[in-house]
Amino acid sequence: MKKYKILSLLNSETPLDSIVINGWVRTKRDSSSFSFIEVNDGSCLKNIQIIAENKLSNYNDIKKLSIGSAVTVYGDLAESKGSGQKWEIQAKKFDIISIASDSYPLQKKRHTDEYLRTIAHLRPRTNKYGAVFRIRSELSFAIHKFFRDKGFKYIHTPIITGSDCEGAGEMFKVTAIDPEKAIKINGQSDYSQEFFGKPANLTVSGQLSAEMFALALGDVYTFGPTFRAENSNTRRHAAEFWMIEPEMVFCDINDDMDLGEQTIKYLTGYALKECKEDLELFATFVDKELINNLENICSSDFIRLPYEEAVKILKESKEKFEYEVSFGKDLQAEHENYLAGQYFKKPVILYNYPKSIKPFYMRVSDDDKTVAAMDILVPGIGELIGGSQREERLDVLELRMEECGLIKENYWWYLDSRRFGTVPHSGFGLGFERLLMLVTGIKNIRDVIPFPRTPGNIEF
RNA sequence: UCCCCAGUAGCUCAGCAGGUAGAGCAAGUGGCUGUUAACCACUUUGUCCGCGGUUCGAGUCCGUGCUGGGGAGCCA
């Protein structure tokens, strides 16, 4: 008796004798002398149909099987006499591992995403969420494959950081001290009592660390969790999310845009090729245009547009915007949506943003007005990638830090990299969940991450 | 954090102008059938989100809080 995944049985070329499968009952239909039981093991979207005849010694128990129950089936893979499927299993022995209580919340019908969020521990057992998380797994692998094939090294940057400002939003504080017992001196927290002897936070980006390794190993990337304590309540933001951050040496903003575009195209193409069956579900039930959109992303060039020209387009458009557009002001969501969703109807790379609205580490252009920053905007999602060429000149970088009100001493090691063999280098951050939203057509970030963390929500 | 919308059975929803609740699905029982979101018949189920108010009377109107959704800001 050989153990099989349902995926491999459904793809079998020939009938097979003496096989074993393990899984959970998705649905059951009784006939006069036997039952049809569909079992799923998570290996693929489809269930396999089991024929359990009343000759089986425990048939009375099998007849009472509830949805969600765990079973092990021994039998033969045979061609199905019915029309809905090629293969089915003729059960010779049918072990009931455990019975799911009839209060099992998942029913044989479509549930709303909002309801399924309240049972996030059970939702991966549904077709839709099973598909999401299989795709999530496949694309995680694809990320490593993409970068490894290009000669990038994978770097693990710290999750806990001592930098109190990495220039990307509010941070979660990390402490081992019970707040009830925290010692205060003149009303001020005494950080010398802290685990690290100074304030610590959860990382908002691995970029600064990755830069150090790029200057040693060459092109590198990180792929890990990232934390933002912003009180963001939108369908595109989570407090904990996964980010891919490549950092390339001897590389300018144009190379950076090239890599960003290639990455999105590769991962989209990978999903189209390797996750066909799961993607079909989304194309059928979530977004009818999905496959078309994804194919367009793979095949057509992204628009590249300097910020200044984007401002011009927006000013000349007849569209009525709530917020005014002018050089030096950051573009609002409505502007980005207009450019990517309506004007070009495809991904747009905006670059050369005004210096005044971007962080200290971005390279100052010759005009001294802009920095070598780039954002990749995608219809329906907005910003998928944010990146830049880094300021590699020590004197300019120090000046920018002063302008941005940062304490240089805290960044001594970062500045060291500009003293010892500094080179032009660039990188970006790609939001993994936003990529999954793009690939699946799912509209809410909470539905592409196993247990989403958002303001006021840390159940599970 | 701000603006808008919603909160009725396990799930999805109806309940039009204030008169104390209903459908489909699920669940339970029986029947039928190589079925496939199976089908047919019968049966069960409710602090109408919480609190306060208006009224003879509130699921329905008003206030407030909580939860969820959408949009904005912040960004990936």
For [N] versus [M], give the span between their [atom1] atoms, rounded off to a whole number of Å.
N     : M     : atom1 : value
B/G7  : B/A14 : C1'   : 15 Å
B/C11 : B/C5  : P     : 25 Å
B/G15 : B/U60 : C1'   : 9 Å
B/G50 : B/G59 : C1'   : 14 Å
B/U45 : B/A26 : C1'   : 11 Å
B/C2  : B/G22 : P     : 41 Å
B/G65 : B/U29 : P     : 48 Å
B/C62 : B/G71 : P     : 27 Å

Would A/D113 and A/K443 satisfy salt bridge (Lys or Arg N to Asp or Glu O under 4.0 Å), going step by step from the backbone distance to the final call?
CA-CA 10 Å; A/D113 293 325; A/K443 298 291 180 293; over 6 Å; no
Identify which nucleotide among [options] has an atom closest to any side-chain atom of [X], counting heavy atoms from C-beta outward.
X      : options             : answer
A/K109 : B/A27, B/C25, B/U35 : B/C25
A/H111 : B/A76, B/C11, B/A72 : B/C11
A/I445 : B/G34, B/A76, B/A72 : B/A76
A/R446 : B/U36, B/G69, B/U33 : B/G69
A/S31  : B/U33, B/C75, B/G24 : B/U33
A/R29  : B/C75, B/U12, B/U35 : B/U35
A/E88  : B/G71, B/A76, B/G34 : B/G34
A/R228 : B/A76, B/U33, B/G34 : B/A76
A/R117 : B/C74, B/G69, B/U35 : B/G69

Separation of atom [atom1] in [X] from atom [atom2] in [N], rounded to whole Å:
X      : N     : atom1 : atom2 : value
A/N127 : B/A37 : CG    : C1'   : 10 Å
A/I51  : B/U36 : CD1   : C1'   : 10 Å
A/E336 : B/A72 : CD    : P     : 10 Å

Centroid separation A/Y338 to A/F321 less than 6.0 Å
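Yes, ring centres under 6.0 Å apart.
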Centroid separation under 6.0 Å, is that true for the rings of A/F223 and A/F432?
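Yes.
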Distance criterion of 3.5 Å, no angle test: do you see the side chain of [X] paired donor-to-acceptor with the base of [N]?
X      : N     : result
A/H237 : B/C75 : yes
A/T234 : B/G71 : no
A/S232 : B/C75 : no
A/N233 : B/U1  : yes
A/Q85  : B/U35 : yes

Mind checking if [X] touches a base, just sugar-phosphate, or nothing, with heavy atoms under 4.0 Å?
X      : value
A/E245 : nothing
A/Q49  : base
A/S83  : base
A/L384 : sugar-phosphate
A/N444 : sugar-phosphate
A/Q90  : base
A/Y104 : nothing
A/T27  : sugar-phosphate
A/A333 : sugar-phosphate
A/T112 : sugar-phosphate
A/L435 : nothing
A/Q107 : base
A/G82  : base
A/F432 : nothing

Phosphate OP1/OP2 of B/G71: any A/R235 side-chain N/O under 4.0 Å:
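Yes, because at least one side-chain N or O of A/R235 sits under 4.0 Å from OP1 or OP2 of B/G71.
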Is the phosphate of B/U35, meaning OP1 or OP2, less than 4.0 Å from a side-chain N or O of A/K81?
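For B/U35, OP1/OP2 do not have a side-chain N/O of A/K81 under 4.0 Å.
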Does the structure show a Watson-Crick or G-U wobble partner for [N], both distances under 3.5 Å? Name it, or say none.
N     : result
B/G68 : B/C5
B/A38 : none
B/A27 : B/U43
B/C74 : none
B/A14 : none

Let me confirm one number: the CD1-CD1 distance from A/I376 to A/I303, rounded to the nearest 0.5 Å.
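That separation rounds to 12.5 Å.
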Please determine if [X] forms a cation-pi arrangement with [Y], meaning its NZ or CZ atom is less than 6.0 Å from the six-membered ring centre and no more than 45° off the ring axis.
X      : Y      : answer
A/K93  : A/Y74  : yes
A/K369 : A/F327 : yes
A/K265 : A/F302 : yes

Where does the angle between the aromatic ring planes of A/Y221 and A/F147 fall among parallel (under 30°), tilted (30 to 60°) and perpendicular (over 60°)?
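A/Y221 and A/F147: parallel rings.
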For a 4.5 angstrom cut-off between non-hydrogen side-chain atoms, does A/L116 reach A/Y129?
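Counting from C-beta outward, A/L116 and A/Y129 do come under 4.5 Å.
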B/A76 base stacked by A/F241 (centroids within less than 5.5 Å, tilt under 30°)
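Yes, A/F241 stacks on the base of B/A76, since the ring centres sit under 5.5 Å apart and the planes are within 30°.
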